[in-house]
Amino acid sequence: MVKDGLLITFEGMEGSGKTTQIQRLSAVLSQAGYAVCVTREPGGTPISEEIRGIFLNPNHNEMESTTELLLIAAARAQHVSEVILPALDGGKIVISDRYSDATVVYQGYRCGLDLNLIHKLNRIAAHGLSPERTFVLDLPVEIGLKRVQQRRSAMNRLDLEDFESHNRIREAYLAIASQEPDRITIIDAEANVDSIHELIKSEVDDLLRTKGVERKL
């Protein structure tokens with residue numbers, strides 16, 4: 001176990017390979033003897049998953065930006081209280097597919113809502129909990145959208161937005177990464193899957209050492 005637990009998050013546009021890298025990191029951590037909790041946002045609990053369904057429903061094109069923000073905050077508040085904090089208290093490594101950075105990107109940069117308001121709401125919903133390391137898998141928009149179209153039988157509400165919206169999302173992730181280089185690592189998602197995994201594993205290994213854990217991945 002890791003004293004006080006550890007929160008690692010993965011961000012990036014759809015099609016960037018987050019799921020694959022989360023699965024591989026979880027497997028190597030488990031094999032090394034760590035207790036791991038893999039989760040996602042919006043979602044991760046029964047209540048939060050229902051909110052996810054509302055949020056991503058392609059029939060909800062009339063959804064207001066403020067509605068989006070409040071739905072995501074509600075889902076996160078439940079997720080953090082019910083899943084993330086108990087897992088961290090139990091000394092687990094929590095790996096989340098999206099977290100508070102996604103709210104800044106999607107509801108802030110994409111929708112144009114006030115960033116100060118979003119940061120305040122994030123702190124409230126997350127009980128002040130921030131990730132210790134965030135990996136942003138960066139990919140050209142056209143490649144990401146093509147991957148999504150090939151892999152999904154049905155597109156969700158955000159998948160169906162125009163190219164410019166997806167491009168704002170990509171640029172926003174790059175912008176927030178430049179603001180917090182000590183926490184956020186940008187990874188070229190066009191690189192070889194194995195190479196990406198080795199990079200992530202190396203950074204997590206270093207992070208664990210700062211926590212006083214000597215087991216090498």
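Predicted model only: the values in this text are computed from it and were never measured.
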**Message:** List the residues meeting side-chain contact (heavy atoms from CB on, under 4.5 Å) with D182, not counting sequence neighbours, and say none if there are none.
**Reply:** none
**Message:** With heavy-atom distances below 4.5 Å as the criterion, would you say the side chains of I176 and V136 are in contact?
**Reply:** no
**Message:** Among residues at least two apart in sequence or on other chains, which ones pass side-chain contact (heavy atoms from CB on, under 4.5 Å) with E49?
**Reply:** R40, R52
**Request:** Could you grab the distance from atom CG of L145 to atom CE of M155, nearest 0.5 Å is fine?
**Result:** 6.5 Å
**Prompt:** Does the side chain to side chain donor-acceptor pair (under 3.5 Å) test come out yes or no for E171 and Y109, once each step is laid out?
**Reply:** CA-CA 9 Å; E171 291 177 351; Y109 286 84; over 6 Å; no
**Prompt:** Would you say the side chain of V83 lies within less than 4.5 Å of the side chain of C37, judging by non-hydrogen atoms?
**Reply:** yes
**Request:** Give a yes or no on whether the backbone of E14 and the side-chain of H166 come within a donor-acceptor separation of less than 3.5 Å.
**Result:** no
**Request:** Using side-chain hydrogen bond (donor to acceptor under 3.5 Å, both in side chains) as the criterion, list what pairs up with R24, not counting sequence neighbours.
**Result:** D194
**Prompt:** Counting only N and O atoms by type, is there a donor-acceptor contact under 3.5 Å from the side chain of S202 to the main-chain atoms of L199?
**Reply:** no
**Prompt:** Listed by chain and number, what are the side-chain hydrogen bond (donor to acceptor under 3.5 Å, both in side chains) partners of Q78, not counting sequence neighbours?
**Reply:** E82
**Request:** Kindly give the heavy-atom pair with the smallest separation between P58 and L160, and that separation in Å.
**Result:** CB-CD1, 4.0 Å
**Request:** Treating Ile, Leu, Val, Met, Phe, Trp and Tyr as nodes and any side-chain heavy-atom pair under 4.5 angstrom as an edge, say whether I196 and L207 lie in one connected cluster.
**Result:** yes
**Message:** Suppose clustering is done on Ile, Leu, Val, Met, Phe, Trp and Tyr with side-chain heavy atoms closer than 4.5 Å. Which residues sit in the same group as I143?
**Reply:** L139
**Request:** Rounded to the nearest 0.5 Å, what's the gap from CG on L137 to OH on Y173? Could you check?
**Result:** 10.5 Å
**Request:** To the nearest 0.5 angstrom, please state how far the CD atom of E62 sits from the CG atom of N59.
**Result:** 8.5 Å
**Message:** Let me confirm one number: the OG-CZ distance from S165 to R168, rounded to the nearest 0.5 Å.
**Reply:** 5.0 Å
**Contact check, side chains of I84 and L129, non-hydrogen atoms, under 4.5 Å** = yes
**Prompt:** Side-chain contact, heavy-atom cut-off 4.5 Å: F135 with Q21?
**Reply:** no
**Request:** Could you state whether V80 and L121 fall into the same hydrophobic cluster, counting links through intermediate Ile, Leu, Val, Met, Phe, Trp or Tyr residues with side-chain heavy atoms under 4.5 angstrom apart?
**Result:** no
**Asked** With sequence neighbours excluded, what pairs up with Y99 under the ring-ring contact (aromatic ring centres under 6.0 Å, His included) test?
**Response** none
**Intermediate values then yes/no, side chain to side chain contact (heavy atoms under 4.5 Å, CB included), I22 and T20** = CA-CA 6 Å; I22 288 171; T20 297; over 6 Å; no
**Prompt:** Could you walk me through whether M63 and F55 pass the side chain to side chain contact (heavy atoms under 4.5 Å, CB included) check?
**Reply:** CA-CA 8 Å; M63 188 177 292; F55 179 78; 4.3 Å; yes
**Fill in**
With I8 as partner, the option from T134, I93, I200 fulfilling side chain to side chain contact (heavy atoms under 4.5 Å, CB included) is I93
**Request:** Name all residues meeting the side-chain contact (heavy atoms from CB on, under 4.5 Å) criterion together with S81; count only those two or more places apart in sequence or in a different chain, and write none if there are none.
**Result:** H127
**Request:** Look at the side chain of S178 and the backbone N and O of A175, then say whether any donor-acceptor pair between them is shorter than 3.5 Å.
**Result:** yes
**Message:** Would a single hydrophobic cluster contain both V28 and V193, if residues Ile, Leu, Val, Met, Phe, Trp and Tyr are joined by side-chain heavy-atom contacts under 4.5 Å?
**Reply:** no
**Prompt:** Between L158 and Y106, is a side chain to side chain contact (heavy atoms under 4.5 Å, CB included) present by the stated rule, with each step listed?
**Reply:** CA-CA 10 Å; L158 298 186; Y106 281 80; 3.8 Å; yes
**Request:** Show the numbers, then the answer: is there a salt bridge (Lys or Arg N to Asp or Glu O under 4.0 Å) between K211 and E132?
**Result:** CA-CA 11 Å; K211 303 280 285 185; E132 293 193 52; 3.2 Å; yes
**Prompt:** Do the side chains of D97 and T39 get nearer than 4.5 Å, heavy atoms only?
**Reply:** no
**Asked** Taking all atoms of both residues into account, what is the closest heavy-atom pair of E41 and H79, and its distance?
**Response** OE2-ND1, 2.9 Å
**Request:** In plain terms, say whether D205 and R209 are close enough for a salt bridge, that is, a side-chain N and a carboxylate O under 4.0 Å apart.
**Result:** yes
**I47 with L85, same ILVMFWY side-chain cluster at under 4.5 Å** = no
**Message:** Considering only residues two or more places apart or on different chains, which pairs with a residue in residues 138-149 satisfy salt bridge (charged side-chain N to carboxylate O under 4.0 Å, His left out)?
**Reply:** D138-R170
**Asked** Judged by atom type as modelled, is there a donor-acceptor pair below 3.5 Å linking the side chain of H60 to the main-chain atoms of I54?
**Response** yes
**Item:** Shortest non-hydrogen contact from A75 toward P42
**Value:** CB-CB, 4.2 Å
**Prompt:** Taking only residues two or more places apart in sequence, or in another chain, which ones meet S26 in a side-chain hydrogen bond (donor to acceptor under 3.5 Å, both in side chains)?
**Reply:** none
**Complete:** Residues passing the side-chain hydrogen bond (donor to acceptor under 3.5 Å, both in side chains) test with R133, sequence neighbours excluded, are E203
**Request:** Go through the structure and list residues passing side-chain contact (heavy atoms from CB on, under 4.5 Å) with E180, not counting sequence neighbours.
**Result:** R183, I184
**Message:** Under 3.5 Å, is there a donor on one side chain and an acceptor on the other for R76 and T103?
**Reply:** yes
**Prompt:** Using a distance-only test with no angle check, is there a side-chain donor-acceptor pair under 3.5 angstrom linking T9 and S96?
**Reply:** no
**Complete:** Smallest heavy-atom separation, G44 atom then S48 atom, equals N-CB, 4.4 Å
**Prompt:** When rounded to the nearest 0.5 angstrom, what distance separates CD in E50 from OG1 in T45?
**Reply:** 9.0 Å
**Request:** Mind listing the closest non-hydrogen atom pair of G144 and M13 along with its distance?
**Result:** CA-CE, 4.0 Å
**Prompt:** For the atom pair NZ (K92) and CG (L7), what is the distance rounded to the nearest 0.5 Å?
**Reply:** 14.0 Å
Contacts under 3.5 angstrom, residues 64-73 side chains, donor-acceptor by atom type, not counting sequence neighbours:
unit_1 : atom_1 : unit_2 : atom_2 : d
E68    : OE1    : Q107   : NE2    : 2.8
E68    : OE1    : R110   : NH1    : 2.9
E68    : OE2    : R110   : NH2    : 2.9
E68    : OE2    : R157   : NH1    : 3.0
E68    : OE2    : R157   : NH2    : 3.0

**Request:** Would you sort out whether V38 and L25 count as a side chain to side chain contact (heavy atoms under 4.5 Å, CB included), showing the intermediate values?
**Result:** CA-CA 10 Å; V38 175; L25 178 60; over 6 Å; no
**Message:** Does any part of the side chain of V94, heavy atoms only, come nearer than 4.5 Å to the side chain of L88, both counted from C-beta?
**Reply:** yes
**Prompt:** Can you find a pair of side-chain heavy atoms, one from I118 and one from N122, that are under 4.5 Å apart?
**Reply:** yes
